[in-house]
Each structure stands twice: as C-alpha cells, then as structure tokens.
Amino acid sequence: MQVNDIHPLRPDPAEFIRIQERLAKQIDVSRPLRREDLRTVAGVDLAYGGEGESETGFCHVAVFDAATMQVVERAEAIGKIEVPYVPGFLTFRELPLIAAAAEKLETVPDLFLFDGNGILHPRRMGIAAHASFFLGKPAVGVAKTYFKIAETEYEEPEREKGSCTDIKVGGETLGRAVRTSAGVKPVFVSPGNGINLDSSTELVLSLTGPESRLPVPVREADISTRRMRRNWEEEQRLSP
DNA sequence: GCGACAG
DNA sequence: ATCTTGTCGC
C-alpha cells in the first residue's frame with residue numbers, strides 16, 4: 001500500500017513536540033465507522049530484541065477479513081531501533097518500522113488497530129493518531145495499561161463484558177476504559193483519526209474474542225511479532 | 001531528590 | 001517493551 005512519503009521521524013527530540021502539535025490540528029474524530037463498512041481490518045504490533053546499540057524491532061501487520069475473520073495478508077519489517085522509549089513519544093520509536101511493513105502490503109486495510117493510544121495522549125497524538133496520517137487510513141488505539149494525562153484518573157468499569165467508562169480530560173472525552181471480557185482488566189480505547197469514539201469502542205468489542213482481552217487482529221500481530229524474534233534469534237545463532 | 005511512566 | 005517459575009482458578 002501507499003504510505004505518505006513525508007518522513008516525520010528524524011530522531012530529533014527538539015522537533016517531536018512541534019510535529020505532534022502540528023498534526024494534532026488535523027485530527028478528525030467525528031466519523032462513524034461500522035463493522036459493515038469494513039472489508040479488512042489490520043492489527044499492528046512490535047516486539048524488541050537485542051540490547052543497547054543493537055536493539056532490534058520486529059513489526060508485524062496482520063490483515064483480517066472483517067466478515068470471516070480470516071487472515072488475508074501479512075507484512076513484516078525488522079530493523080534497528082534508533083529512538084529510546086519516552087512516554088508520550090512512542091510513535092517516534094515505532095513508526096519507522098510500521099511504515100516499512102505497511103508499504104509491503106498489497107491490500108489497503110480499511111482500518112488499523114494499534115497497541116497503544118489514539119488521542120488519549122497529552123497532545124492528542126498517540127501512536128494510532130500519528131500513524132493514521134502516514135497510512136492515510138482510520139486508526140484506533142487500544143492500550144493495555146492506562147496512560148494518565150492531566151492528572152485524570154479513570155473510573156473502573158463494571159465487571160461485565162462490554163462495560164465502559166468515559167475518560168474525560170478538561171471537558172473533552174478522549175477515550176474509554178473498556179471491559180472486553182468479564183472480570184479482566186479493562187483496555188483503554190481511543191480513536192486515532194478518521195473515526196469517532198463510539199465506533200472505536202464498538203469495533204474493539206466486536207473484534208475481541210474470548211481468548212484475549214485484546215482485539216483479534218492486535219493479538220495476532222502480538223503473537224506473530226514474538227515468532228519473528230524467535231526465528232531471527234535462531235538464524236543469528238546459526239550465522240553470526 | 002522522588003515518583004510517574006502507552007510500549 | 002523485557003527479564004522470568006510457579007501457581008491459583010475455571
């Protein structure tokens with residue numbers, strides 16, 4: 001698929017906030033997007049290996065047919081990680097490999113699901129929001145742990161599946177704590193761009209099976225990412 | 001100095 | 001994210 005060619009990820013910390021603030025003005029979280037509108041949905045995730053100077057990232061994009069929930073295509077990218085993880089700037093660490101993997105896709109997914117936040121971010125530019133601009137497609141963020149912004153705590157949803165509580169920061173509802181399975185810890189859903197919060201929540205619930213608290217596409221990418229690392233470590237061992 | 005901190 | 005064994009529970 002075609003990925004926007006503007007390269008926003010020069011590892012220049014002084015530019016990070018400026019880039020986020022510029023893109024944040026273009027976010028659109030007003031569009032409803034139903035599952036019936038989707039032919040394909042992609043899950044994206046990364047795993048890490050190596051250490052220090054040789055830290056390596058393994059990115060996997062798993063594309064599912066939204067109707068049959070069968071994998072229709074996969075794309076991967078492996079590369080050296082140049083940027084350290086700093087809360088609030090996850091995008092700059094992971095997007096280079098995500099873009100590299102996405103470019104290899106033949107299919108253009110109708111929606112991307114990310115492991116991380118969308119607009120539930122200090123500057124509304126979590127990885128799902130940021131990546132959406134480069135992919136040119138709607139994206140939703142699904143985080144496994146809560147990222148507190150502006151001193152805002154989240155309210156625990158009821159124990160039953162499907163329960164959720166809005167996360168409101170300064171009068172603006174940025175995301176939702178969503179119980180994707182009874183009794184398990186909630187996930188934190190926020191639209192990235194090109195989709196609204198209600199649709200994001202409905203899709204995450206609809207795409208989550210009983211085997212995990214995460215949507216199937218994200219879970220698949222997560223598992224695949226560790227398989228990539230195992231295979232890579234094995235071939236490193238055989239031919240140093 | 002101390003605690004907090006998506007992945 | 002990653003480092004790591006067993007263990008409690010359905």
Side-chain angles (χ1 to χ4, degrees), chain A residues 9 11 13 16-17 19-20 23-24 27 43-61 77-99 101 112-132 139-154 159-161 167 169 174-178 180-193 197 200 204 209-215 217-219 221-230 232-233 236:
Chain A
L9 308 174
F16 288 178
I17 289 182
I19 291 169
Q20 292 181 330
L23 287 175
I27 291 176
V44 183
D45 196 23
L46 273 81
Y48 297 90
E51 48 187 69
E53 297 301 282
S54 62
E55 181 172 34
T56 303
F58 304 84
C59 176
H60 188 101
V61 180
I78 297 178
K80 185 180 176 198
I81 296 297
E82 310 279 3
V83 181
Y85 168 66
V86 177
F89 302 95
L90 176 65
T91 302
F92 300 95
R93 176 173 166 82
E94 304 196 330
L95 189 50
L97 281 183
I98 291 171
F112 282 86
L113 296 180
F114 286 87
D115 193 332
N117 294 309
I119 61 172
L120 182 57
H121 178 281
R123 288 167 293 283
R124 312 294 183 265
M125 283 299 289
I127 191 164
H130 204 140
S132 174
V140 172
V142 184
K144 296 184 294 300
T145 61
Y146 183 57
F147 188 22
K148 189 200 298 180
I149 57 180
E151 303 296 292
T152 303
E153 300 292 350
Y154 77 91
R159 189 180 185 289
E160 76 208 78
K161 172 173 180 164
I167 297 170
V169 180
L174 300 183
R176 236 167 233 166
V178 180
T180 52
S181 279
V184 306
K185 292 195 306 176
V187 294
F188 304 88
V189 177
S190 58
N193 180 42
L197 178 58
S200 296
V204 166
E211 62 291 316
S212 168
R213 53 195 272 257
L214 295 173
V218 176
R219 176 59 175 155
D222 178 65
I223 292 172
S224 302
T225 228
R226 282 183 287 234
R227 177 173 47 66
M228 289 173 69
R229 183 176 56 195
R230 281 199 308 277
W232 183 82
E233 290 173 335
Q236 287 290 298

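Given the structure is predicted, the values throughout are model-derived calculations rather than measurements. We name chains A, B, ... by the order of the sequence lines, and we start the count at 1 in each one. Side chains are part of it too, since the values below use all heavy atoms of this structure and drop only hydrogens, waters and symmetry mates.
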Taking only Watson-Crick and G-U wobble pairs with both distances under 3.5 Å, what dot-bracket line describes DNA chain B, where [ ] shows pairs that cross earlier ones and | shows pairs with another strand? .......
Tell me if the CD atom of A:Glu51 is crowded by more than 12 foreign heavy atoms within 6.0 Å. no
Can you tell me how far apart [atom1] ([X]) and [atom2] ([Y]) are? Round to the nearest 0.5 Å.
X: A:His130; Y: A:Phe114; atom1: NE2; atom2: CZ; answer: 11.0 Å
X: A:Arg93; Y: A:Ile81; atom1: CZ; atom2: CD1; answer: 5.5 Å
X: A:Ser224; Y: A:Arg219; atom1: OG; atom2: CZ; answer: 10.0 Å

Separation of C:dT2 atom P from A:Arg230 atom CZ, nearest Å, is 12 Å
Just wondering, do [Y] and [X] contact through their side chains at under 4.5 Å, heavy atoms?
X: A:Thr180; Y: A:Leu214; answer: no
X: A:Ile98; Y: A:Ile127; answer: yes
X: A:Ile167; Y: A:Leu174; answer: no
X: A:Leu97; Y: A:Phe58; answer: no
X: A:Phe16; Y: A:Met125; answer: no

Each nucleotide in nucleotides 4-10 of chain C should get exactly one letter: B, S or -. Can you fill that in based on protein heavy atoms under 4.0 Å? -------
Tell me, for nucleotides 1-7 of chain B in 5' to 3' order, what letter each nucleotide earns: B for a base near a protein heavy atom under 4.0 Å, S for only sugar-phosphate near one, - for neither? ----BBB
Report yes or no: does A:Glu233 contribute a side-chain atom to a donor-acceptor pair with the main-chain N or O of A:Gly49 at less than 3.5 Å? no
Let me have DNA chain C in dot-bracket notation, would you? Count Watson-Crick plus G-U wobble pairs, both distances under 3.5 Å, and use [ ] for pairs crossing earlier ones and | for inter-strand partners. ..........
Closest non-hydrogen atom pair, A:Ala143 against A:Asn117: CB-OD1, 3.3 Å
With A:Phe188, which residues qualify under ring pair (Phe, Tyr, Trp, His ring centres under 6.0 Å), at least two apart? A:Tyr146, A:Tyr154
I'd like the C1' distance from B:dC5 over to C:dT2, given in whole Å. 16 Å
Listed partners of A:Arg226 passing salt bridge (Lys or Arg N to Asp or Glu O under 4.0 Å), at least two apart: A:Asp222
